[in-house]
Amino acid sequence: MFPAYLDGASVIMYAKIEEYGVVEYVTGEPYDTLCYYAIAKYEADDSYYLFGCNSNFAVISDYVCDSIDDCKIIVASHEYNVQWLKL
C-alpha cells in the first residue's frame, strides 16, 4: 500500500509501479531507480509537489508545481504512460 505521507506532505495521488528510469548525481553516476511518482501537498503551502520515489517509497526527486495538472504534464513530457490512482 502506498504511504499517505511523503516527507511530511499528504499524498493526493500516485502512479503505479514501473521502472521509470534512473536518477543520477550531477556527475552522471547512477543514484537510484525511480519506481513511483506521487503528487503531494504540504498543509501550509499552496504549491503541489511531484515526488519521484524508489521501490521503498523514499523520495529521490521532486518538482514544485502550481497545480496537479502541472505535475501530470511533467510526467507526460517524459513520455511515461502512467495510470494515476487517488489515495
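Throughout, residue positions are numbered sequentially from 1 according to the sequence presented. Side chains are part of it too, since the values below use all heavy atoms of this structure and drop only hydrogens, waters and symmetry mates.
Under the side chain to side chain donor-acceptor pair (under 3.5 Å) criterion, Tyr49 pairs with Asp45, sequence neighbours left out. For Phe57, the ring-ring contact (aromatic ring centres under 6.0 Å, His included) test picks out Phe2, Tyr36, with sequence neighbours left out. Scanning for side chain to side chain donor-acceptor pair (under 3.5 Å) contacts around Asp62 gives an empty result, with sequence neighbours left out. Under the rule for a side chain to side chain contact (heavy atoms under 4.5 Å, CB included), the partners of Ser10 that lie at least two apart in sequence or sit in another chain are Tyr5. A search for side chain to side chain donor-acceptor pair (under 3.5 Å) contacts involving Asn54 returns Asp32, not counting sequence neighbours. Applying the ring-ring contact (aromatic ring centres under 6.0 Å, His included) test to Tyr31 and every residue at least two apart in sequence or in another chain returns Tyr25.
Leu50 contributes atom CG, which lies 11.5 Å from atom CD1 of Ile73 (distance to the nearest 0.5 angstrom). Note: Phe51 CZ to Tyr63 OH = 13.0 Å, rounded to the nearest 0.5 Å. From Cys71, atom SG reaches atom CE of Met13 across 9.5 Å, with rounding to the nearest 0.5 Å. A distance of 5.0 Å separates CG of Leu34 from OG of Ser61, quoted to the nearest 0.5 Å. The NZ atom of Lys86 sits 10.0 Å away from atom CD1 of Ile12, with the distance rounded to the nearest 0.5 Å. To the nearest 0.5 Å, atoms CG (Asp69) and CD1 (Ile39) are separated by 8.5 Å.
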Working for side chain to side chain contact (heavy atoms under 4.5 Å, CB included), residues Asp66 and Tyr48: CA-CA 6 Å; Asp66 292 327; Tyr48 292 84; over 6 Å; no
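Trp84 has its side chain out of reach of Ile68: every pair of non-hydrogen atoms, C-beta onward, lies at least 4.5 Å apart. Residues Ser55 and Thr33 fail the side-chain proximity criterion, which asks for heavy atoms closer than 4.5 Å.
The main-chain N or O of Asp7 is found under 3.5 Å from a side-chain atom of Tyr42 such that the two form a donor-acceptor pair.
Heavy atoms only, all atoms of each residue included: Val11 and Pro3 are closest at CG2-O, 3.5 Å. The two atoms that bring Leu6 and Cys53 nearest to each other are CD1-SG, 3.7 Å, heavy atoms only.
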